[in-house]
Number of protein chains: 2
Amino acid sequence: MKKKKTTILDVASLANVSVATVSRVVNKQGGVKPRTEKKILEAIAELGYVRNAIARSMVRKETKTIGVLIPDITNPFFSRVISGIEREAVRRGYHTILSSSQDSEDIERNVLDNFLERGIDGLIITTSNEYGQHLERFMDSDIPVVAVDRQLHHYEVDTVLSGNREGAYEAIQHLTNQGFRKIAIIRGPQSTTPGLERYRGYKKALNDHGIDIVEEWIVDGDFGEESGYQAARTLYSLEDKPDAVFSSNNLMSMGALKAMNELQWEIGKDLGFIGFDDIDISTFHKPNLTMIARNMQHLGKVSFDYLRARMDDENEFKHKREYIMSPSLIIRDSSKRP
Amino acid sequence: MKKKKTTILDVASLANVSVATVSRVVNKQGGVKPRTEKKILEAIAELGYVRNAIARSMVRKETKTIGVLIPDITNPFFSRVISGIEREAVRRGYHTILSSSQDSEDIERNVLDNFLERGIDGLIITTSNEYGQHLERFMDSDIPVVAVDRQLHHYEVDTVLSGNREGAYEAIQHLTNQGFRKIAIIRGPQSTTPGLERYRGYKKALNDHGIDIVEEWIVDGDFGEESGYQAARTLYSLEDKPDAVFSSNNLMSMGALKAMNELQWEIGKDLGFIGFDDIDISTFHKPNLTMIARNMQHLGKVSFDYLRARMDDENEFKHKREYIMSPSLIIRDSSKRP
DNA sequence: ACCTAAAATGTAAACGTTTAGATTTTGTCG
DNA sequence: CGACAAAATCTAAACGTTTACATTTTAGGT
């Protein structure tokens, strides 16, 4: 026995007023006599009226909803960023529609088309392809966009990044200070900002310290765990093994550590290690792992703040803005010289 | 220079047909001549028309959106469940609105009110309080609900759970088989199904094996990391220390392990250990950790499937359904008798 | 009591679809 | 060629708000 939804009309007629007046009290716009307001509030309570946000969006042309599109919720980095976004969003009366792209451009395009239909008020995205043109349709729509942790080279959008180069630089510098000279890097995809910039930081640090770059010690991964695992094995198989490894992200660190573990390639004894982004393991691993950490929740919060600035007033900033959050090197034991 | 959104009307007039016909081709309902269809498709392409889902929802009275409300996205358990939900949802043409309650009843109520306004088609929830009546308003709405990992004792809703008691039982049994006799438990909140049932499994296993329950070895946590940490310290401070510890969830395991680490209370030497829900650490910790694992993605998928059954046809199942997924004990080294 | 400005309330159009039911077009068959 | 059923298309109402503008009520001043 489905109960009919009660509408603003029902409330109006029960309270003996017009829908306009009801609307005014529901939206707390003031300018209605206390006595009538009371009548209306009572009617609302009696009927259990709840305003229909769909109809409201229809005329208001805003949904108070933002879309969030990231590659994978399961990655602790993203789940924390999302958490930061979501927390800030509800605080501001927005809701968050979430989709993951599994790093597929096709899925990305689909999701975005869908977001478009739904009329989200803004988008926060970590794209799978920074150079892709597949966001065209969405970008045509004038809906504000913030790119987080990745850039969108073909479009002018606000961007929230971390100090990737700087973080990596600091890590490598720290390793050299400890006396490591044969430092390998497990790189992320060079088509992504974090992948590329972290590598640049690595190169620059080595250069600045007069250490030659050895091709063999540069191996590529895709930011996934398995690729970190393979990369570590590759490095181990080398005639001339590195004496330290820098891993470009959390998942690859996990994989690499797993491999090292299996190979009995011992950090602290045979090997120094630093990874970008802290992982749960770092304080359990023997020895503890030196890591580059960043406040991911905050990254999410800032992303939303940037987006909100655009949603509230699209003319507030003429040019794209860029926020860069500095990471910090947390020195533990894995970067100590044996 | 904001471009005016093009509507179905624009398309209709450009293609020289009525809106009804356009609607039919947009929705692929058939019954329109190939020639007209072509005209319409061309008009759509030319104008860059995208259908307005808000208006559509308005008349269809469905949003193709489900709400997901969990305590904390950051917990790997939930992020995996969500991932499972979301994956299945998009596959079925649904979108997912996500909110976290931070285990607060007030936030839960607020979010739910909001969900109600927005007219979600269904809800998947892990409530903060299984006995709470704070869902009243939502429950009155006839929107299908699935409870996941927790029950909703005051309402008749479909529920997706894990074999909590069974999993704990198996774990404790395994410990006893290994010769442990002084087995402690770090309990979760007894007001929650996982907290309570895992404890019940613990008790039953001890009983069945003729081992007395020792009050001292039962300590309470709140499923948070800090509480696991404190619990382990409490156990360590005991005159008569346990020789094995069972931790009721992932975060508490993390905390407990941290404490044990600090206290140099060594698993594998002084102590056996098993935790409910696998954590990243388990294969890195020395010794490797025996854990009760479950397929969280699948838990999410099933939740969505249950929900969909109700959304598609609310009369398909008269009574509430309950799904219980068996976990599996992954035996590693932390449960070996020294 | 009357006038007037301000305050309160009301009226009705608009938002962009979907969909019954009405109407027109098409094609087949005698 | 006309009749008729089937196929294609159209018309218009409905969905539940918000809001500009119109109208009525209120209250203060004379």
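The sequence lines fix the lettering, A, B, ..., with proteins before strands; numbering per chain opens at 1. A quick note: this is a predicted structure, and the numbers were derived from the prediction, not measured. Note that these values count all heavy atoms, side chains included, but never hydrogens, waters or copies made by symmetry.
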I'd like a table of atom pairs between the protein and nucleotides 23-25 of chain C - only N or O on both sides, under 3.5 Å - with the distance next to each one.
none

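Minimum atom distance to the side chain of A:N27 is reached by D:dT18, of the listed D:dA12, D:dT18, D:dT17. Taking only side-chain atoms of A:V17, from C-beta outward, the nucleotide of D:dT18, C:dG10, C:dA8 with the closest atom is C:dG10. In this structure, of C:dG16, C:dT19, D:dT19, it is D:dT19 that holds the atom nearest to the side chain of A:R60. Residue B:V59 has its side chain nearest to C:dT17 when only C:dT17, D:dT17, D:dC10 are considered. For B:M58, whose side chain is taken as the heavy atoms from C-beta onward, the closest listed nucleotide among D:dG16, D:dT17, C:dG10 is D:dG16. In the set C:dG16, D:dG16, D:dT9, the nucleotide with an atom closest to the side chain of B:T21 is D:dT9. Distances from the side chain of B:R56 to the nucleotides D:dT19, C:dT18, C:dG16 place C:dT18 closest.
A:D158 pairs in a salt bridge (charged side-chain N to carboxylate O under 4.0 Å, His left out) with only one of the listed residues (A:R308, A:R310, A:K320), which is A:R310. Applying the side-chain contact (heavy atoms from CB on, under 4.5 Å) test between B:Y94 and each of B:D121, B:T63, B:T65 identifies B:D121 as the sole match. When each of B:I66, B:L112, B:V157, B:I97 is tested with B:L123 by the rule side-chain contact (heavy atoms from CB on, under 4.5 Å), just one qualifies, namely B:L112.
Computed from coordinates, the A:Q29 CD to D:dT19 C1' distance equals 9 Å when rounded to whole Å. The CD1 atom of A:I40 sits 7 Å away from the P atom of C:dT9 (whole-angstrom rounding). Atom NZ of A:K38 and atom P of C:dA8 are 18 Å apart (whole Å). The interatomic distance linking B:I8 (CD1) with D:dT11 (C1') rounds to 14 Å, in whole Å. Taking atom CD of B:E62 as the reference point, atom P of D:dA14 lies 21 Å away to the nearest angstrom. Per the geometry, CD belonging to A:E117 stands 10 Å off P belonging to C:dT18, to the nearest Å. At whole-Å resolution of the value, CZ in A:R51 and P in D:dG16 are 15 Å apart. The interatomic distance linking A:R24 (CZ) with C:dA8 (P) rounds to 10 Å, in whole Å.
Between A:R91 and A:E88 a salt bridge is recorded (basic side-chain N to carboxylate O distance below 4.0 Å). Under the 4.0 Å criterion applied to side-chain N and carboxylate O atoms, B:D140 and B:R137 are not assigned as salt-bridge partners. Taking 4.0 Å as the cut-off between side-chain N and carboxylate O, A:K38 and A:E42 count as a salt-bridged pair. Between B:D305 and B:K301 there is a salt bridge, with a side-chain nitrogen of the basic residue lying less than 4.0 Å from a carboxylate oxygen of the acidic one.
Residue A:T36 is in sugar-phosphate contact alone, with no base atom involved, counting any heavy-atom pair closer than 4.0 Å across all strands shown. At a threshold of 4.0 angstrom between heavy atoms, the contacts of B:T7 are confined to the sugar-phosphate backbone, with no base atom among them.
A:N295 and A:R80 form no side-chain donor-acceptor contact under 3.5 Å, judged by distance and modelled atom types alone.
Remark on DNA chain D: of its neighbouring residues B:G31 and A:Y49, the 5'-side contact belongs to B:G31, judged by nearest-heavy-atom nucleotide.
Rounded to 10 degrees, the angle separating the terminal helix axes of the helix from C:dA1-D:dT30 to C:dG30-D:dC1, each built from five base pairs, is 50°.
In this structure, A:S57 contributes its side chain and A:E62 its backbone to a donor-acceptor pair below 3.5 Å. Within the 3.5 Å criterion, the main-chain N or O of B:V148 finds a donor-acceptor partner in the side chain of B:T126.
Between B:S18 and D:dC10 there is a side-chain polar atom (N or O) within less than 4.0 angstrom of OP1 or OP2. In this structure, B:K5 does not reach the C:dC15 phosphate: none of its side-chain N or O atoms is under 4.0 Å from OP1 or OP2.
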